[in-house]
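We count ligands from 1, going down the list as the structure has it; atoms in each ligand are counted the same way.
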Amino acid sequence: MVANHERLDVLRLAVDQAYNSVVITTGELDTPGPTIVYVNQAFTEMTGYTREEVVGATPRILQGPKTDRTQLDRLRARLEAGQSFQGSTVNYRKDGHPYLVEWNITPVRDAAGSVDYYVSVQRDITSRAEAERFSQTLLNGLGEGVFGIDEGGRFTFVNPAALALLGFDGDAELLGRNSHQLTHHSDAEGNPYPEEECPIYRVMQTGEPLEAWQDWFWRRDGSGFPVEVYATPLWREMGTVFGGVVVFRDISEQKRLEAELERQASHDRLTGLYNRRFFDQLLAKEISRALRSGEALSLIMFDIDHFKAINDNYGHLIGDEILQELARQVGGRLRSADILARWGGEEFMALLPDTGEAGARELAETIRAQVAHQAFPSAGDVTISLGVAELEAGEALEELTRRADEALYAAKTQGRNRVKAASSLDTP
Ligand code: GH3
Ligand code: MG
Ligand code: MG
């Protein structure tokens, strides 16, 4: 058996050495109120007072202009009712420096039940409060959307940018609800995106962060937008994941620019048709496909007649309009599988898959007649000459286009406004 007085010594030692400040006052609530009978070492460090300075003094020496009166009133009401109290407010050190304190007070009663003492434990939470305010300011000021999720993927916080990006006025509709189902339920095409496949949820299962992941989020109004996502797991001290932080930004503009650059790389700016570089790539693919499958493939190459004179008579801008109009007219004539490109200045090439020479000639003739009979708004009559060539067994791209070019040249030399087929040039 440990003697009572020995136990008290052990307790006093523990309190003396505790990390938190401990203050014991008398149980006197009437004016002049309680006075301090004991403070521990941590208290003297927190406040800058020595024990001698505070023992016998009122705890009000810790209060000052920023001390929250409502907290003190609440404190008094609780103590008068014989209850314990817990709260936080601003206190002041001996040197006048304010600090944020979190404290509780518990009454200690004698055998008869009246309050002898109050025991108060206090903690300086200034740095914690400042850290919280710092994170809050950071989150509020960020242009990126940031939200937190728990292990189950439910929203734990959502910053203002995330609310704006997702089309919500406040976080009330989001907090505690399944983030995947609300913002990530389908892919960009609208197909269901099962939770089991969600890469953000996987972060919480594997503990592996997700970086620069491109995906698709949905707004409150049902519209969607492309996003770049970073997701970081939140670890417990014990080494398990209890949630995650998701940072995302809207990359619509980036995606639009990428698509535009891609378009520019493959299309002609004036007519909107494919450019020669891209056409050559498509032609190479189509040729190897035709050679493999044994299907026919033909080219129609055409060129405006006396275009130099048109430019000279009407000006270069009218010349440009004619190129655009011609691209529209011919484009409207072709099947969807056909491919039309601006081959050079005023030379065009049409690739006709699954089409033999007879079919290609027929189409070329239709196009020729249409262009010849349709007056161009700005320059009256315009005619074109056309050369047709069908792919021969084992033929390479260069050879095929050279034969189409030769056919076109023959159409020119034989009087223009006509169609010539490469096969008709063959000399026996
Ligand atoms: P033909 O084909 O009947 O033999 O005579 P042409 O006068 O059309 O002959 P050529 O192919 O030598 O001339 C092509 C002209 O097309 C020269 C050039 O000024 C003009 N041209 C090329 N690209 C453009 C363009 O983008 N806009 C305009 N307005 N003119 C262009
Ligand atoms: Mg020409
Ligand atoms: Mg030309």
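Taking 2.8 Å as the threshold, Ile304 counts as a candidate ligand of the Mg ion (ligand 2), since one of its N, O or S atoms lies below it. At a cut-off of 2.8 Å, Glu347 is not counted among the residues with an N, O or S atom near the Mg ion (ligand 3). Counting backbone and side-chain atoms alike, Asp305 contributes no N/O/S atom closer than 2.8 Å to the Mg ion (ligand 2).
Remark: aromatic rings of His97 and Tyr92 are distant, center separation not under 6.0 Å. Ring-centre distance between Tyr193 and His185: not below the 6.0 Å cut-off. Aromatic pair Phe155/Phe147: ring centres closer than 6.0 Å. Between Trp103 and Phe85, the distance separating the two ring centers is shorter than 6.0 angstrom.
Counting the atoms of ligand 1 from 1 in the order shown, those under 4.0 Å from a heavy atom of Lys308 are 6 (P), 7 (O), 8 (O), 12 (O), 13 (O). Residue-ligand proximity, Arg416 to ligand 1, at heavy-atom distances under 4.0 Å covers atoms 1 (P), 3 (O), 4 (O). The atoms of ligand 1 that sit less than 4.0 Å from any heavy atom of Gly345 are 22 (C), 23 (N). Of all the atoms in ligand 1, the ones that sit under 4.0 Å from a non-hydrogen atom of Ile304 are 1 (P), 2 (O), 3 (O), 8 (O). Near Asp303, meaning under 4.0 Å from one of its heavy atoms, ligand 1 places the atoms 2 (O). Close contacts of ligand 1 with Asp320, meaning ligand atoms under 4.0 Å from a residue heavy atom, involve 25 (C), 26 (O), 27 (N), 28 (C), 29 (N). For ligand 1 and Gly319, the ligand atoms under 4.0 Å from any heavy atom of the residue are 29 (N).
Of the heavy atoms in Lys412, only side-chain atoms (C-beta onward) come closer than 4.0 Å to ligand 1.
Ranking the protein heavy atoms by distance from atom 26 (O) of ligand 1 puts Arg342 NH2, 2.7 Å first. Among protein heavy atoms, atom 8 (O) of ligand 1 sits closest to Phe307 N, 2.8 Å. Protein heavy atom in closest approach to atom 11 (O) of ligand 1: Glu346 OE2, 3.2 Å. For atom 20 (C) of ligand 1, the nearest non-hydrogen atom of the protein is Asn311 ND2, 3.4 Å.
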Asp320 and Arg342: CA distance, side-chain angles, deciding distance, salt bridge (charged side-chain N to carboxylate O under 4.0 Å, His left out) verdict: CA-CA 13 Å; Asp320 282 358; Arg342 189 175 180 199; 5.7 Å; no
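Look at Arg93 and Asp95 and you find a salt bridge, because one of the NZ, NE, NH1 or NH2 atoms lies within 4.0 Å of a carboxylate O, short of that distance. Between Arg256 and Glu253 there is a salt bridge, since a side-chain N of the basic residue sits under 4.0 Å from a carboxylate O of the acidic one. Under a 4.0 Å N-O distance rule, the pair Arg402/Glu395 does not qualify as a salt bridge.
Distance check, rounded to the nearest 0.5 Å: CG of Leu257 to OG of Ser252 gives 11.0 Å. Atoms CD and OG1, from Gln370 and Thr366 in turn, are 8.5 Å apart once rounded to the nearest 0.5 Å. Interatomic distance, CD1 of Ile125 versus CD of Glu102, reported as 4.5 Å (0.5 Å rounding). Atom OG1 in Thr271 sits 7.5 Å away from atom CD in Gln324 (nearest 0.5 Å).
The atom of Glu346 that is an N, O or S and sits closest to the Mg ion (ligand 2) is OE1. For Asp303, the N, O or S atom closest to the Mg ion (ligand 3) goes by the atom name OD2.
Proximity of atom 6 (P) of ligand 1 to the protein is indicated by at least one non-hydrogen atom lying closer than 4.0 angstrom.
Of the N or O atoms in Leu323, none lie within a sub-3.5 Å distance of an N or O in ligand 1.
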